[in-house]
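Everything on this sheet refers to the single structure shown next.
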Amino acid sequence: AAAAAGGGWRCGRCADGAALRWCISGTLCASFLGLGMGIAVLGPSFPTLAANVGKNVSDIYYIFVGRSLGYLGGSVVGGALFDCMNASLLLAFSMLGTAAGLYVIPWCNQSLLLTILMAVIGGSMGILDTGGNVLALYTWGSEAGPHLQALHFSFAAGAFLAPMVAQMDLGSSESEELAGAEKTNQSVLRSVPTASAALATPARNDHRNESFLWSYIFIGTYIVLISISFFVLFSKSGSAKDKSKASAQKDKLAKYHWPLVGLLFIFFLFYVGTEVTFGSYVYTYAVVFAEMKETEAAALNSVFWGAFAVCRGAAIFGAAYLSPATMIVMSLLCSAASSTALAFFSHFRAALWVGSAVYGASMATIFPSGIAWIEQYTVVEGKTASLFVVGAALGEMCIPVAVGYLQGRFHHVPVVMYTAFVSSMVTLLLFPAMYKLANWPQQRDSQEVSDRETRKTLLSNSRLTEDEEEEEEHVREWNDADFEVVEMNDELKNSLMDTSHRIAGDSPAVQPHLDNALGDPPVVADGSPGRQNQNGSIDWEKSE
């Protein structure tokens, strides 16, 4: 009965642990949904923010820079804090910081204060982005693939819902022009707005504060509720960060951990930067180079982001059956093929539409799959994950700006398409190098083990051969000794027989003693053997 009770207690404890893991995963997905809404809501409300501070839209671009710098700083600080405090508590405070910034923004009428608020919100979001990925890895371990895909799908869903939340109150067509610019690839901010016409439009102070106020309050309240969920998880998990799993994985740290992390940093920089660049400039490319109408160009932009979101949702189920490396290779091959079609055959309308859809779908799974892939080879802690987020943020800050500058210098060159092609080739070459670096120490160790086993086998075989030779030598020596003894005994016996025959002819009385010495029993004249008595003499028997 006690054993049954103990077994039931253990089963109940396992069930509680599984339920807690699912609660953590659900809360993380809900938080990334809020993260996507908090980032993407800036696009539709951008003209109103400019009107609040008395500036034109083109004059307050620096708020994007402030948010970008805050995001970078939050990623680095969050990575360090995550390794020394409870993850749920850290994420709860970061959500509260994001909500506080969203609550204050509608009443901000100073451009400097608005920039500071954007930096604070960016920092809080950077902490959430870094901590959310690492917490998912710590919670699920090798099974984290589908949950990471769900995490980033939730972010895309939030970015998709944000313009709708804003338009419920704004009711303006201007927000649609900026909505596509603010759709993001995963949990990183957008640094360059896309609708150039909107940037040049002077902001109108049309007293719409009350209309867009509720969108910020709605998103902020949602984020507060999610932060409460993190506080509840903190109370369930304890006041100290559980480092048992991390300490148990220290032996798993790859020999070339930091070179591998550095390569993945560059990989994410190119991948995220190109994705943001394409999503930001495909509308302009369609209007200028493909000579599409604005409605067609907007539809093309929607096809890209729609395929991106659908494929990211499908990857939740695909990650349960495919390894992260397989998903990355498939995505890179599709990205290379589609970017080639876009760079060299986009003058065909069909190639432009299909290429944009395939390119969006191929970019959807790379970031979460990359994090799940590297976790198989080394320990992904807070500082490591922060480097990935920083690389992604730097890519989306630098590459769109560089493409915009080059496009302004070379008006007749489709710089965005060539950038997509070059970046696809770079990432396609980087991943095999990372895969080789991640597996090379293991291959070398296996080769060394195999060589040691081969040497041991050869040594043992040589010892066995030497032992067998020595044993055969001993057998030959013993056989030779036996043959010599046998030959000597035969010679001695023959010599004694000859001597006995000669003596018998001379003295018959001596014959019995000689026969006894030769080992044959004495025989009497009638053929019956004699018996030797205790004195050594022979008792002769006669047959009656």
Side-chain angles (χ1 to χ4, degrees), residues 21-22 24-26 28-29 31-32 75 79 82 87 128-156 185-188 245-246 248-249 252-254 256-257 260-272 275 308 311-335 361-392 427-428 430-439 442:
R21 292 201 301 171
W22 280 104
I24 292 174
S25 186
L28 285 175
C29 289
S31 66
F32 269 57
S75 300
F82 189 82
L128 175 61
D129 192 6
T130 302
N133 286 287
V134 179
L135 182 58
L137 290 175
Y138 278 6
T139 302
W140 293 98
S142 60
E143 302 174 359
H147 301 275
L148 286 173
Q149 299 290 347
L151 204 64
H152 293 272
F153 171 74
S154 299
F155 178 87
N185 62 311
Q186 89 282 336
S187 50
V188 282
K245 186 172 183 178
Q249 289 181 336
K252 190 183 174 183
L253 192 68
Y256 298 100
H257 172 81
L260 188 61
V261 170
L263 287 178
L264 195 58
F265 173 91
I266 300 173
F267 181 87
F268 283 149
L269 187 147
F270 276 97
Y271 151 69
V272 174
E275 182 197 316
F308 178 88
C311 189
R312 180 161 281 184
I316 299 173
F317 305 97
Y321 301 98
L322 299 175
S323 66
T326 303
M327 296 185 69
I328 292 175
V329 170
M330 293 173 58
S331 298
L332 291 178
L333 291 177
C334 292
S335 175
S362 65
M363 304 292 275
T365 64
I366 293 181
F367 192 86
S369 297
I371 296 177
W373 173 78
I374 195 174
E375 194 273 337
Q376 297 177 340
Y377 298 96
T378 188
V379 180
V380 180
E381 296 178 331
K383 291 188 267 309
T384 305
S386 68
L387 290 177
F388 301 153
V389 177
V390 168
T427 53
L428 189 63
L430 272 177
F431 184 70
M434 291 189 298
Y435 187 85
K436 183 67 176 178
L437 183 63
N439 288 277
Q442 298 178 2

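Computed from a predicted model, the values in this text were never measured in an experiment.
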Could you please spell out the steps behind the side chain to side chain contact (heavy atoms under 4.5 Å, CB included) verdict for Thr427 and Ser335? CA-CA 10 Å; Thr427 53; Ser335 175; 5.5 Å; no
Test side chain to side chain contact (heavy atoms under 4.5 Å, CB included) on Ile374 and Phe388; report intermediate values, then the result. CA-CA 11 Å; Ile374 195 174; Phe388 301 153; 3.7 Å; yes
Using 0.5 Å steps for rounding, measure from the [atom1] atom of [X] to the [atom2] atom of [Y].
{"X": "Thr378", "Y": "Leu264", "atom1": "OG1", "atom2": "CG", "result": "11.0 Å"}
{"X": "Met434", "Y": "Tyr377", "atom1": "CE", "atom2": "OH", "result": "10.5 Å"}
{"X": "Ile366", "Y": "Met330", "atom1": "CD1", "atom2": "CE", "result": "11.5 Å"}
{"X": "Leu428", "Y": "Ser331", "atom1": "CG", "atom2": "OG", "result": "11.5 Å"}
{"X": "Cys29", "Y": "Gln149", "atom1": "SG", "atom2": "CD", "result": "11.0 Å"}
{"X": "Ser154", "Y": "Ile316", "atom1": "OG", "atom2": "CD1", "result": "6.5 Å"}

Between [X] (side chain) and [Y] (backbone), is there a donor-acceptor pair under 3.5 Å?
{"X": "Ser25", "Y": "Arg21", "answer": "no"}
{"X": "Ser386", "Y": "Lys383", "answer": "yes"}
{"X": "Thr326", "Y": "Leu322", "answer": "no"}

Between Phe267 and Tyr271, how do the two ring planes meet: parallel, tilted or perpendicular, split at 30° and 60°? parallel
Describe, in one word, how the ring planes of Phe32 and His152 are oriented to each other, choosing from parallel (under 30°), tilted (30 to 60°) and perpendicular (over 60°). perpendicular
Distance-minimising heavy-atom pair for [X] and [Y]:
{"X": "Leu135", "Y": "Ala87", "result": "CD1-CB, 3.8 Å"}
{"X": "Phe82", "Y": "Gly131", "result": "CE1-O, 3.8 Å"}
{"X": "Phe308", "Y": "Ala364", "result": "O-CB, 3.2 Å"}
{"X": "Val380", "Y": "Val134", "result": "O-CG1, 3.9 Å"}
{"X": "Leu151", "Y": "Gly132", "result": "CD2-O, 3.8 Å"}
{"X": "Leu148", "Y": "Ala136", "result": "CD2-CB, 3.8 Å"}

Among Phe268, Phe153, Phe155, Phe270, find the one that has a ring pair (Phe, Tyr, Trp, His ring centres under 6.0 Å) with Phe367. Phe268
Verdict with supporting geometry, Tyr138 and Glu375, side chain to side chain contact (heavy atoms under 4.5 Å, CB included): CA-CA 10 Å; Tyr138 278 6; Glu375 194 273 337; over 6 Å; no
